[in-house]
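Throughout, a chain's letter reflects where its sequence line sits, starting with A, and its residues are numbered from 1.
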Amino acid sequence: MTESKLKGFFESFLDKEPLFVNKKVLLSNYTPECISHRDEQIDVVGKILAPALRLDKPSNIFVYGKTGTGKTLTVKYVVDNLKNVALERNKPLKVIYFNCKLKKVADTEYRLIAQLAREFGKEIPATGLPTEEVYKTFFKILEEEEQLLILILDEIDQLVKKAGDEILYNLTRMNSDLEKSQISIIGISNDLIFTDNIDPRVKSSLSEEELVFPPYNAMQLQDILKQRSQNAFKEGVLSGGVIEKCAAYAAREHGDARRALELLRVAGEVAERTGSETVKIEHIDDAEEKIEKDRMLDVVNTQPKQHQSVLYSILSIYENKKNIVFTGEVYDVYKKICNKIGLRPLTQRRVSDIIAELDMLGIINARTISKGRYGRTREIALTMPDSNIVNIKKILEEGLNLS
DNA sequence: GTCAATTCACATGAAAGAGACCACGGTCTAGTG
DNA sequence: CTAGACCGTGGTCTCTTTCATGTGAATTGACGA
């Protein structure tokens, strides 16, 4: 693009009326002032937590529900209100929210407790201390003054998967040792069968109250989208059927409101970029494709070298074969690639795990099958369109210095 | 033809090691009075 | 004498390796009809 052309582009960009009024409303971390279709859940959570205002320990709550069903939103909403009242009445109520999925924050026992202590203003080194020591520090802080702590552990299943259920046991057990303070835990999980695998003692104490968030249906999603889009878009920008289609798409994927909102937002961005005056239905299809592609590229880019090499091997084989790929083949090619780029090859055991991890990330589609007499292996298929494969391969080649 | 045993090519688990990062306490060293 | 540099020990955490065990159906081969 030449300079004058670029200038013209910027100018016409400015002249053009933006479609958005406030894009933030459509972001997933935005908290609306009223939450639709979750009255019942808000009510229940509120009732359970209310004793906190009298400094009685509320029951621990366990909240289940698929992604994008408003679990986090609802809990945060209730707790925020609770906190405000507590503040007005001068009650020593402390709320801490952790997302256990975020790396380096709360995904191990040590880090969780250390982070907790930090929330109270105590400096804890990232590593180097025995976990026991950090527990003691935390304990001491709590005993300094009378208070009630509500600990919200989002994506608690991730925490337990990585660090075991001992943390939860320790935390719930702490209550009996604490004299001045009490801890109440709200666990949020989108894995419905998660509690089946944890220690029954932990389970019973953690899920004193259980709450299930059903997925939104298409009508409810429409409501939510309508409500948010009123604040996000200019009036009359959305052409008919757009909201319905977004809702339908998201409803198909187990009623994920987050996804519906993202879809709407990206569709708006696409429309804006193409210079359209309104957001049309076609833009949603483009948006869906774009979201998927961006996510994929982002994930691929942030993978470590070893993972990238394995993925590259898979893609290479797939390109030649245009068919299902097996673990053994991948490992052979992978070893060659490692040689080529001077990477120490990992054992097959590890590569097997890496393939499983790539599958978890949704980049590839792997399932274990038995070929009878010819052994048992993972059958790897690719779900992305061919154009994406080429793209990703290119990125990998750059990342791995393959020419 | 039927049925159980065999066999393959990995999958899956558990445990332990390597190496990076870090805190803490003790010892050494250089600068100061 | 003392502050700061430097070391050794012991801790966490992530990524791997090693060793061991599991697995599911095609194949094989014995058996009976």
Side-chain angles (χ1 to χ4, degrees), chain A residues 98-118 121-141 155 158-171 193 196-199 299-314 317-318 321 323-339 341-361 363-381 399-400:
Chain A
F98 279 150
N99 187 336
C100 306
K101 198 174 157 188
L102 294 180
K103 290 211 163 176
K104 316 277 177 196
V105 176
D107 60 348
T108 69
E109 182 168 16
Y110 180 92
R111 288 218 258 255
L112 180 75
I113 306 299
Q115 194 63 35
L116 275 173
R118 275 188 215 119
K122 194 99 182 170
E123 267 312 308
I124 304 281
T127 160
L129 289 180
T131 311
E132 193 64 18
E133 200 65 33
V134 187
Y135 261 112
K136 270 185 208 151
T137 318
F138 178 55
F139 198 88
K140 223 181 276 168
I141 299 171
E155 316 230 17
Q158 299 287 326
L159 176 67
V160 171
K161 204 167 87 192
K162 289 194 74 174
D165 47 17
E166 213 153 290
I167 314 165
L168 299 178
Y169 179 67
N170 287 341
L171 275 175
I193 53 164
D196 292 354
N197 311 324
I198 61 175
D199 191 323
V299 172
V300 169
N301 244 330
T302 52
Q303 288 302 301
K305 278 227 154 66
Q306 295 287 3
H307 293 230
Q308 290 189 347
S309 310
V310 174
L311 181 58
Y312 186 79
S313 314
I314 295 170
I317 300 171
Y318 184 81
K321 232 172 86 170
N323 207 342
I324 288 159
V325 181
F326 301 109
T327 307
E329 301 173 290
V330 175
Y331 189 62
D332 287 343
V333 175
Y334 160 79
K335 267 197 296 197
K336 276 188 206 136
I337 288 178
C338 280
N339 262 329
I341 62 175
L343 204 63
R344 198 172 53 86
L346 302 174
T347 52
Q348 179 151 348
R349 174 73 187 81
R350 180 67 188 130
V351 170
S352 174
D353 276 350
I354 290 177
I355 292 175
E357 282 164 36
L358 290 174
D359 177 44
M360 289 276 285
L361 288 168
I363 302 175
I364 59 174
N365 209 324
R367 64 196 183 101
T368 61
I369 52 149
S370 175
K371 293 192 290 172
R373 189 68 209 273
Y374 304 106
R376 209 167 127 78
T377 182
R378 241 191 276 265
E379 183 186 85
I380 304 165
L400 296 170

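- Looking only at distances, a side-chain donor or acceptor of A:Ser313 sits under 3.5 Å from a matching main-chain atom of A:Ser309.
- Regarding A:Leu346, its CG atom lies at a distance of 15 Å from the C1' atom of B:dG19, rounded to whole Å.
- Listed nucleotides: C:dA26, C:dT14, C:dC19. Nearest to the side chain of A:Arg111: C:dT14.
- Within 4.0 Å (heavy atoms only), A:Arg344 reaches sugar-phosphate atoms of the nucleic acid but no base atom.
- Atom P of nucleotide B:dC10 and atom CZ of A:Phe326 are separated by 10 Å, given to the nearest angstrom.
- When the C1' atom of C:dT16 is taken as reference, atom CD1 of A:Ile355 falls 16 Å away, rounded to whole Å.
- Mapping A:Ser370 and A:Ala356 onto DNA chain B by nearest heavy atom places A:Ser370 at the nucleotide closer to the 5' end.
- Among C:dT12, C:dT16, B:dC10, the nucleotide with an atom closest to any side-chain atom of A:Thr327 is B:dC10.
- Distance from the side chain of A:Tyr374 is smallest to C:dA26 among C:dA26, C:dT16, B:dT12.
- For A:Arg349 and A:Asp353, the salt-bridge test passes: some basic side-chain N is under 4.0 Å from an acidic carboxylate O.
- With the nearest nucleotide of DNA chain B identified for both A:Arg373 and A:Asp353, A:Arg373 has the one nearer the 5' end.
- Not a single donor-acceptor contact under 3.5 angstrom links the side-chain atoms of A:Arg350 to the base of C:dT17.
- The backbone N or O of A:Phe326 sits less than 3.5 Å from a side-chain atom of A:Glu329, completing a donor-acceptor pair.
- Counting only heavy atoms from C-beta on, A:Arg378 has its side chain closest to B:dT12 among B:dT12, C:dT16, C:dC13.
- When each of B:dC10, C:dC13, C:dC19 is scored by its nearest atom to the side-chain atoms of A:Gln348, the top-ranked nucleotide is B:dC10.
- Taking atom OH of residue A:Tyr110 and atom C1' of nucleotide C:dT14, one finds them 16 Å apart after rounding to whole Å.
- Nearest heavy atom pair, residue A:Gln308 against residue A:Gln303, reads NE2-O, 3.3 Å.
- As rounded to whole Å, 13 Å separates atom P of B:dC10 from atom CD of A:Glu379.
- Look at CD on A:Glu109: it is 8 Å from P on C:dC13, rounded to the nearest Å.
- Taking side-chain N and O atoms only, A:Ser352 has a distance below 4.0 Å to OP1 or OP2 of B:dA11.
- For A:Thr347, no side-chain nitrogen or oxygen approaches OP1 or OP2 of C:dT16 to under 4.0 Å.
- Across all strands, A:Glu133 comes closer than 4.0 Å to no nucleic acid atom at all (heavy-atom distances).
- We find that CZ of A:Arg376 is positioned 13 Å from P of C:dG22, with the value rounded to whole Å.
- One N or O on the side chain of A:Tyr334 and one on the backbone of A:Leu346 form a donor-acceptor pair closer than 3.5 Å.
- The separation between A:Tyr331 atom OH and C:dT16 atom C1' is 12 Å, rounded to whole Å.
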